Each structure stands twice: as C-alpha cells, then as structure tokens.
There are 2 protein chains.
Amino acid sequence: MKFILQDLKVNINNNIYLKDPESSTLGKKIIEFSILLIDEIGFDSFTFKKLGEKIGSNESSIYRYFENKHKLLLYLTSWYWGWLEYQLVFTTNSISDAKEKLNKAIEIITRATKEDSSFSHINEVLLNKIVINEYSKSYLTKEVDNENKEGYFSIYKRLVNRIKDMIMEVDNHYKYPTSLASTVTEGSLHQHFLKDHFSSLTDCDEKITPTTYFINLVFNSLNNQKNG
Amino acid sequence: MKFILQDLKVNINNNIYLKDPESSTLGKKIIEFSILLIDEIGFDSFTFKKLGEKIGSNESSIYRYFENKHKLLLYLTSWYWGWLEYQLVFTTNSISDAKEKLNKAIEIITRATKEDSSFSHINEVLLNKIVINEYSKSYLTKEVDNENKEGYFSIYKRLVNRIKDMIMEVDNHYKYPTSLASTVTEGSLHQHFLKDHFSSLTDCDEKITPTTYFINLVFNSLNNQKNG
DNA sequence: CAAAAGTAATAGTATTACTATCAATATTTA
DNA sequence: TAAATATTGATAGTAATACTATTACTTTTG
C-alpha cells in the first residue's frame with residue numbers, strides 16, 4: 001500500500017489555492033510546516049506571519065499560494081479526505097461481500113491515523129488531529145453556500161456518498177442511508193475529540209474505539225425489522 | 001409551560017462573565033442584540049465594536065460584562081442548553097414508561113426551535129440557529145481543557161448525561177449509552193446544518209426531520225439482539 | 001546569456017481586540 | 001437631601017492581524 005500511495009496526488013479544486021503548493025519547494029514547505037504549526041498552536045492562533053518565521057520565508061510569499069488561512073485549511077482538509085478516500089476505495093475494492101465491505105469502510109473512516117507514511121512532506125497523523133480539531137471551522141461560516149457551489153467540499157461529499165452507497169448495498173430498505181453515512185463520518189471526528197477532552201461524554205477509550213461503536217451502531221440499524 | 005418558563009433563570013457559571021448581564025438593562029441589551037447580530041453576520045465577523053454601535057453603547061461598556069466574544073458565546077450556548085434541559089426535565093418528568101420517556105427526550109433535543117417564547121429578551125429561534133452554526137467553535141479551541149475544568153461546559157455535559165440515563169433505562173445491556181447520547185445531541189445539530197447547506201449529505205428535509213432519523217437510530221440499537 | 005518566474009524585503013493600511021483614564025450620570029445609603 | 005458609590009460613555013492608545021503594493025534580488029529555463 002505504501003508503495004502505491006507514494007504516487008498519490010490528491011486532486012484539489014484549483015480555486016482553493018492561488019498557486020499549486022505541490023509545484024514548488026516553498027509550496028511544499030508551506031504545507032509541511034503549516035500542519036506542524038496548526039497542530040502546535042491551533043488554527044485560531046495560526047497566522048501566515050508565524051508560518052513565515054517558522055520556514056524562514058516572508059509572509060507575502062505565502063500569500064502568493066493561498067488567499068488566506070481559511071483557504072489553506074480547506075486545502076489541508078481536502079487533502080486529508082482525498083487521502084482517506086483513496087484508502088477506502090483501494091482497500092474495499094476487492095471485497096465482494098457487502099457487509100464485509102461496509103465493515104471495512106467504517107473501520108477506515110473511523111480509525112485514528114497512527115502511522116505517518118513518511119514518504120512525503122505531509123504528516124498524516126498530525127493532519128488527522130487537525131481534522132478532528134478544526135474541520136468544522138472550514139464549513140461553519142457565512143460563506144459556506146458559495147464555497148460549496150465552487151466545489152470546495154466535493155471530495156468530502158464524494159466520500160460520504162461512497163459510504164452511503166455501501167450502506168444501501170447492505171440494506172436497500174433502510175430509509176436514512178445518507179444521514180447515517182454523514183453521522184458516522186462527522187460523528188467519528190466528534191467521538192475522537194470527546195475521548196481526548198470530554199471523557200464523560202463518550203464510551204470510547206483505549207479499549208473501546210469509535211470504530212467499535214460505529215460498527216455496532218450501523219449494523220444495528222441495517223436489516224433490522226424495526227427500521228421499516 | 002410558557003408561564004412556568006417565565007421565571008426561568010438559567011444558572012450559568014459565573015466565571016463566564018465579569019458582570020452578570022441579567023443584573024442590568026445594558027446587560028440584557030447585550031444578550032438580546034448579540035443574538036440578533038451573531039445570527040445576522042456570523043460569529044466570526046461579530047465584534048464588540050459592532051455590537052456597541054447596534055445598541056448605542058460603547059465598546060468598553062460591553063467589555064465590562066464579558067472578557068471577549070468567546071466568553072459571550074459560551075454564555076449564550078450555556079443558556080441555550082440550560083433552557084433545553086429545563087424543557088427536557090419538565091416534559092419527561094411525568095412519563096413513567098422508559099421508552100416513551102426517551103422518545104420524548106430525543107424529540108426535544110433534536111427538534112428545531114420554531115417559536116420564540118417572546119416573554120424575554122432572548123430570541124430562542126435565533127439562538128437555536130446560532131447553536132447549530134457556532135456551538136462547535138466554543139470547544140474546538142486550545143483552551144478547552146482548562147475551560148472544561150472551570151466548569152464552562154457543565155450544563156451541556158449534564159444534559160447529555162440525562163439522555164444517557166434514559167437510554168440505560170430502556171436497555172441497560174447496551175454498551176455505548178454515553179456515546180449514543182452525545183451522538184444524538186451533537187449529530188442533531190449537524191443534521192440540521194446539513195439540511196440547510198449540504199442537502200446531499202442528509203436524508204432530512206421538510207418531511208423527514210432529524211427527530212425521525214434519530215428516534216429510528218436509537219431504538220434500532222436498543223433491545224436489539226445484535227447489540228450484545 | 002537573457003528573459004521569465006519565483007521569492008524576499010520593506011512599507012503601508014484598515015481592522016481587531018483589547019486596556020486605561022477620566023468625565024458624566026444614575027443609584028444607593030447615611 | 002447630600003455624599004458616596006456604581007455604572008456607563010467618550011476618548012485615546014497599543015499590539016497584533018490580515019492583508020496589498022512595490023521593488024529588488026535570485027533562480028530556472030529556453
């Protein structure tokens with residue numbers, strides 16, 4: 001898997017950036033160190049000036065790649081969801097049994113990223129943490145409808161849609177496959193957050209993972225005589 | 001119900017404010033118009049200066065009530081959850097059947113607020129919208145652990161805990177009552193948001209409400225032979 | 001080797017997020 | 001009712017943020 005992922009280039013809507021960060025050394029540095037810095041100080045305190053200091057570059061150089069830090073967050077999170085989607089498709093592709101396939105899919109989207117694939121400038125473990133802590137901020141804005149129209153969230157939407165399709169493969173009488181898919185995707189981030197900061201609001205801990213919980217939740221709902 | 005709610009004073013952790021906004025006319029004006037203004041321009045663009053202009057008061061006067069806008073958001077959302085908790089307790093109190101009780105509880109926490117009770121300076125319909133759009137921002141911060149220790153989220157935690165208890169009353173063998181309770185509470189806000197901005201990520205619309213979806217989700221999981 | 005592209009440095013603006021001071025006005029209490 | 005006290009408003013000021021513009025230097029490429 002690692003070998004194949006080496007050639008992965010996530011296709012990100014090119015209106016999110018002004019200049020493709022993958023196209024230059026500075027661009028890659030911006031991505032690499034923005035992940036480290038956002039993880040370190042949080043997105044709210046993160047500024048292009050601080051990032052510039054960190055990479056020994058000028059603030060104005062960073063502005064040539066991204067209009068503002070919001071767009072950078074959209075870029076990072078899009079990359080993350082694209083990376084997850086790749087794993088999802090790659091891993092579940094060969095599974096013919098619908099239940100087994102869905103089971104694997106839930107596992108992939110709900111697990112914590114534990115290993116940095118280390119071939120690239122992107123630290124996936126930290127990026128996963130950033131998505132848990134900051135993703136909501138990318139869409140809880142007054143501009144969300146415009147940005148959605150522009151296609152800034154299309155990778156995420158495609159991912160949720162894939163889960164929905166797998167749910168329907170298991171039970172095409174279940175009435176809420178889309179909501180269930182979005183509940184698992186977003187709810188997983190939330191359960192991870194609760195585990196780290198509000199342990200009294202979750203059953204998840206070292207033993208019980210969000211994966212365990214969500215697999216149980218989903219399969220309880222599917223092919224269940226109560227759901228009709 | 002309205003009559004009783006008239007005397008409601010939600011008990012908010014007094015470290016959230018510098019001076020109790022309920023204690024003066026200006027304080028109440030701050031609460032009343034901050035709800036209108038945040039709904040109008042969003043929390044990110046909201047500033048105390050703009051609020052001051054709106055209520056014909058000085059920026060510095062508002063700073064005497066709240067340290068910053070983050071604390072004001074904590075105040076508003078705490079009030080909202082306290083108000084919901086009151087409704088929950090009041091409405092479910094007399095119900096003896098555990099399933100019926102849980103059903104009613106889910107209804108209360110997942111429904112959209114449609115009517116402003118209009119007795120007070122607080123517009124609950126708009127406040128509900130603010131909670132949907134902005135609540136996550138109150139805890140997705142680097143300060144969350146300290147603020148949690150200070151008790152800034154205790155009303156929310158107590159509410160989720162009440163749902164958890166009701167879930168356990170219905171099925172005390174179910175393994176994830178706390179996660180299910182937090183999934184419903186947070187997931188409900190999320191489904192409402194999706195309904196308004198990402199309709200392709202939810203089955204909820206005018207006909208299917210988040211209430212319908214979550215009641216189905218919860219009762220499929222409880223007393224289900226698969227859940228063991 | 002010259003042109004083009006990319007990057008850095010500097011400077012500058014408007015806004016934000018406050019703090020401090022003092023005067024004016026209301027309210028409380030002796 | 002006068003004095004004391006609390007509350008609010010006005011003004012000013014600071015440091016940081018979120019940019020934009022210009023110019024010059026450096027590297028790549030044709």
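Every value quoted in this text rests on a predicted model; they were computed, and no experiment measured them. Here is the naming used below: chain letters follow the sequence lines, and residue numbers restart at 1 for every chain.
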Query - A:Trp81 CH2 to A:Leu127 CG distance, which is reported to the nearest 0.5 Å - result: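 Taking CH2 in A:Trp81 and CG in A:Leu127, the distance rounds to 10.0 Å.
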In whole angstroms, how far is the [atom2] atom of [N] from the [atom1] atom of [X]?
| X | N | atom1 | atom2 | result |
| --- | --- | --- | --- | --- |
| B:Leu51 | C:dT16 | CG | C1' | 15 Å |
| A:Phe48 | D:dC19 | CZ | P | 8 Å |
| A:Glu67 | D:dA18 | CD | C1' | 12 Å |
| B:Leu73 | C:dA17 | CG | C1' | 16 Å |
| B:Asp44 | C:dT16 | CG | P | 12 Å |
| A:Lys49 | C:dA11 | NZ | C1' | 12 Å |

So which protein N/O to nucleotides 14-16 of chain D N/O distances come out below 3.5 Å?
none

Report summary line: Expected list for residues 11-35 of chain A near DNA chain D, using heavy atoms below 4.0 Å, is none
Query raised in the report: Does anything in residues 53-66 of chain A reach DNA chain D, meaning a heavy atom under 4.0 Å, and if so which residues?
Result: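 The stretch gives A:Glu59, A:Ser60, A:Tyr63 as the residues lying under 4.0 Å from the strand, ordered by number.
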Query raised in the report: By side chain to side chain donor-acceptor pair (under 3.5 Å), which residues pair with A:Asp196, not counting sequence neighbours?
Result: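 Here no residue qualifies.
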Requested in this report: Answer yes if the ring centres of A:Tyr139 and A:Tyr156 are under 6.0 angstrom apart, and no otherwise.
Outcome: no
Report task. Please examine the side chains of A:Leu74 and A:Glu147, heavy atoms only from C-beta on, and report whether any two atoms are closer than 4.5 Å. Result ->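 Yes, side chains in contact.
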Report task. Before accepting this row, confirm whether a basic side-chain N of the pair B:Lys137/A:Asp44 lies closer than 4.0 Å to the acidic partner's carboxylate O. Result -> no
Could you tell me which residues satisfy side-chain contact (heavy atoms from CB on, under 4.5 Å) with [X], sequence neighbours excluded, listed by chain and number?
| X | answer |
| --- | --- |
| A:Ser199 | none |
| A:Thr212 | A:Ile208, A:Thr209, B:Tyr176 |
| B:Asn161 | B:Lys164, B:Asp165 |
| A:Asn148 | A:Phe153, A:Lys157, B:Phe198 |

Query raised in the report: Under 3.5 Å, is there a donor-acceptor pair between the B:Asn15 and B:Tyr152 side chains?
Result: no
**Report entry** Qualifying salt bridge (Lys or Arg N to Asp or Glu O under 4.0 Å) pairs, either residue in residues 51-77 of chain A, two or more places apart
**Finding:** A:Glu40-A:Lys54, A:Glu67-A:Lys71
What nitrogen or oxygen pairs link the protein and nucleotides 25-27 of chain C at under 3.5 Å?
none

Query raised in the report: Under the side-chain hydrogen bond (donor to acceptor under 3.5 Å, both in side chains) rule, what pairs show up with a residue in residues 177-189 of chain A, not counting sequence neighbours?
Result: A:Thr178-B:Asp203, A:Ser179-B:Gln191, A:Ser179-B:Thr202, A:Ser182-B:Gln191, A:Thr183-B:Gln191, A:Thr183-B:Tyr213
Going by atom type alone, with no hydrogens or angles, which donor-acceptor pairs under 3.5 Å involve a side-chain atom of residues 28-36 of chain B and a protein atom two or more places apart or on another chain?
residue	atom	partner	partner atom	Å
B:Lys29	NZ	B:Ile55	O	3.4
B:Ser34	OG	B:Ile30	O	2.9
B:Ser34	OG	B:Ile31	O	3.0

